[in-house]
Amino acid sequence: MWMSGKEHKPLGPEQLAEAIEVLKQAVGPFGWSTHPGLIEPHAVDWTGSIRGDSPLLLKPANTEEVAKIVTICGQYGLKIVPQGGNTSLAGGSVPSGAGIEIIVNLARMNKVRNVDTINDTMTVDAGCLLAAIQAEAAKASRFFPLRLASEGSCQIGGNLATNAGGSNVIRYGNTRDLVLGLEVVLADGRIWSGLRGLRKDNMGYDLKQLFIGGEGTLGIITGAVLKLFPRPVSIATAICAVPSVQAALELLALSKQRTGGQITAFELMPRNGLELVFKHFPACRMPLDRLHDWQLLIEFSSIDEAVSQQERIEAVLSEAYASGLIVDAAIAASIEQGRSFWAIREALAEADMKEGVTIQGDISVPISAIPDFLDSCTGAIAKAVGDARIIAFGHLGDGNIHFGVIAPEAVPTKDFLARSDEIEEIMCDHAHRFGGSVAAEHGLGIMKADAVLKYRGDVEHDLMLAIKHSLDPQGMMNPGKVLKRK
């Protein structure tokens, strides 16, 4: 076992070639590629704005192969970029350019190891697609509630590494809340086997929480024990128009009170964002007679067959209409129509990017601060960028707002992207001013690697850096991400 804090000398061509051959042998003939055309899609983030390069793409088949990879890279002084579905929006899953970086993609590690319907847990490989986990839970008459627009391509290891949120956080919490145990390959090549399905376990520090949200900078998550829940049997979905964001928050409070906390989702959708959805995704249809400045997608669900969520949502929206909290509403008449409502919401981010060059933001603030935050932040961006279109949408129920700032037509792409740091800073400064976070669910990645020091201060930054130094003294795990070393 190696474990040293000393820096390796840069590898010469012969040493690099030797290291690559050893790594190839570690994963076998089906677990590697050096072809630039096959590596390139793994070296660019989902937005296409952050690119890196790597001499080698590895796809291990099991945890033991991951451990071999980490050990070999440590011996040769190579850096490692752990990667899931590469749906990152902050550059967290692509090479940063901080040395020779080997991409380790876990797509081949896609087995469901165990489903325990008595303990309500599922043990999975980190490379399992989120949609596959949801489907496997459904086969067992259970429910895994993590819900993301990218669920058909994102992997659970990446969801864990970024502590993904999604649309159901208001009811079930972030990914961190859905995990009981982890298996992790550490930076020294050892395997920490913490795959315990315990709901009560006070044996010292809760180590799994270090790796959840760590973006692969402390170790590589290779397996997880996930919580399962009873399948909802009564679901009601609606799209309604509200006169203001403040009215939306009052409707949220009313819904919580009338349902006893059975709100699954509460999503904010602006007029200008929906206009782009209907432009670029013509299969989507708006169920309301016309668009308003603000729309909500609301979903209630229950495991109680005796309680009709359809009747409950009708009663809540009728009360809200009488109180002036909504001005129009459409309730899905079937599961299929409910899915069509969700397709509208889930197309928002992609519609922004189809419209033109877009700078994406991801922040959270206390729910009560959202109206003032939106007014202040959108006003500041509009003042700075002029004709840029600002699409503010997201998970109103948990305070997570996404911003899409689309380049003005008259401004060259290069000039607009040159101002991305300025625009990001406006969003982040406003989030901080209103008591929020500059990274709600997309992670810090490369884009916000200085954010902890800037917005949380020396003490919090130094605590995190001490953990990083302790678990990864050579700085080999996903370099350039999350934290900037002093």
Side-chain angles (χ1 to χ4, degrees), residues 23 26-28 30-33 42 57-71 80-88 92-93 102-117 119-140 142-148 150-164 166 175-176 178-187 189-198 207-208 210-216 218-228 477-478:
L23 287 166
V27 296
F30 302 107
W32 62 269
S33 178
H42 294 273
L57 168 66
L58 297 175
K59 292 188 175 183
N62 52 56
T63 301
E64 289 70 26
E65 288 186 1
V66 176
K68 289 178 184 178
I69 290 168
V70 173
T71 301
I80 294 174
V81 181
Q83 188 179 87
N86 198 23
T87 56
S88 169
S93 60
I102 305 301
I103 299 173
V104 180
N105 184 283
L106 302 187
R108 293 177 69 205
M109 295 177 58
N110 57 10
K111 295 182 177 61
V112 173
R113 303 186 192 182
N114 181 55
V115 178
D116 185 340
T117 56
N119 198 41
D120 278 330
T121 56
M122 182 189 300
T123 305
V124 299
D125 284 350
C128 286
L129 295 178
L130 175 55
I133 290 172
Q134 294 167 341
E136 196 68 25
K139 288 180 185 178
R142 296 296 185 272
F143 179 57
F144 184 65
L146 184 60
R147 181 175 194 166
L148 304 169
S150 60
E151 60 197 29
S153 55
C154 65
Q155 297 172 17
I156 192 63
N159 302 148
L160 291 162
T162 57
N163 187 29
T175 308
R176 186 183 302 281
L178 305 176
V179 180
L180 293 175
L182 289 183
E183 177 185 80
V184 181
V185 174
L186 305 176
R190 291 182 296 169
I191 300 170
W192 171 56
S193 183
L195 291 176
R196 292 179 280 269
L198 299 174
L207 296 177
K208 69 178 180 293
L210 289 175
F211 302 100
I212 299 172
E215 299 188 47
L218 303 178
I220 302 177
I221 296 171
T222 53
V225 180
L226 307 175
K227 295 179 185 177
L228 300 180
M477 304 303 295
N478 215 8

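Evaluation of the salt bridge (charged side-chain N to carboxylate O under 4.0 Å, His left out) test over residues 152-163, restricted to residues two or more places apart or in two chains, returns none.
M477 and L218 get closest at one heavy-atom pair: CB-N, 4.4 Å. L160 and A224 get closest at one heavy-atom pair: CD1-CB, 3.7 Å. Of all heavy-atom pairs between A164 and L148, the closest is CB-CD1, 4.1 Å. When all heavy atoms of P60 and N105 are compared, the pair lying nearest together is CD-O, 3.4 Å. Here the closest heavy-atom approach between residue L195 and residue E183 is recorded as CD2-N, 3.6 Å. Across every non-hydrogen atom of I212 and R176, the tightest pair is O-NH2, 3.1 Å.
The line from OG1 of T117 to CG of L228 is 9.0 Å long, rounded to the nearest 0.5 Å. If you take OG1 on T222 and CE on M109, they are separated by 5.0 Å, rounding to the nearest 0.5 Å. In this structure, the separation between OG1 on T121 and CG on L178 is 13.0 Å, given to the nearest 0.5 Å. Taken to the nearest 0.5 Å, the CG atom of L146 stands 4.5 Å off from the OG1 atom of T175. Rounded to the nearest 0.5 angstrom, L57 CG and H42 NE2 are separated by 4.5 Å.
Counting only distance, with no hydrogens or angles, the side chain of N119 and the backbone of G197 share a donor-acceptor pair below 3.5 Å. Of the possible donor and acceptor atoms, none in the side chain of R142 sits under 3.5 Å from a partner among the backbone N and O of D120. Proximity of a side-chain donor or acceptor of Q83 to a complementary backbone N or O of S93 within less than 3.5 Å is detected.
L180 is listed as a side-chain neighbour of K227, based on a closest heavy-atom distance under 4.5 Å. L226 places a side-chain heavy atom less than 4.5 Å from the side chain of V179. With a 4.5 Å cut-off on side-chain heavy atoms, L23 and W32 do not count as touching. Residues I220 and L106 meet the side-chain proximity criterion, which asks for heavy atoms closer than 4.5 Å. A heavy-atom distance below 4.5 Å is not found between the side chains of E136 and V124. Residues Q155 and L130 form no side-chain contact, since every pair of their non-hydrogen atoms from C-beta on lies 4.5 Å or further apart. Side-chain contact between C154 and N159 is present, with heavy atoms from C-beta onward closer than 4.5 Å. Between N62 and K111, the closest side-chain pair of non-hydrogen atoms is not below 4.5 Å.
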So L58 and E65, side-chain contact (heavy atoms from CB on, under 4.5 Å) or not? Walk me through it. CA-CA 10 Å; L58 297 175; E65 288 186 1; over 6 Å; no
Kindly indicate, with the supporting measurements, whether the criterion side-chain contact (heavy atoms from CB on, under 4.5 Å) is fulfilled by T63 and V185. CA-CA 7 Å; T63 301; V185 174; 3.9 Å; yes
Stepwise, does the side-chain contact (heavy atoms from CB on, under 4.5 Å) test hold for F144 with I156? CA-CA 12 Å; F144 184 65; I156 192 63; 4.2 Å; yes
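Using a 4.0 Å cut-off between a side-chain N of Lys or Arg and a carboxylate O of Asp or Glu, D125 and R113 qualify as a salt bridge.
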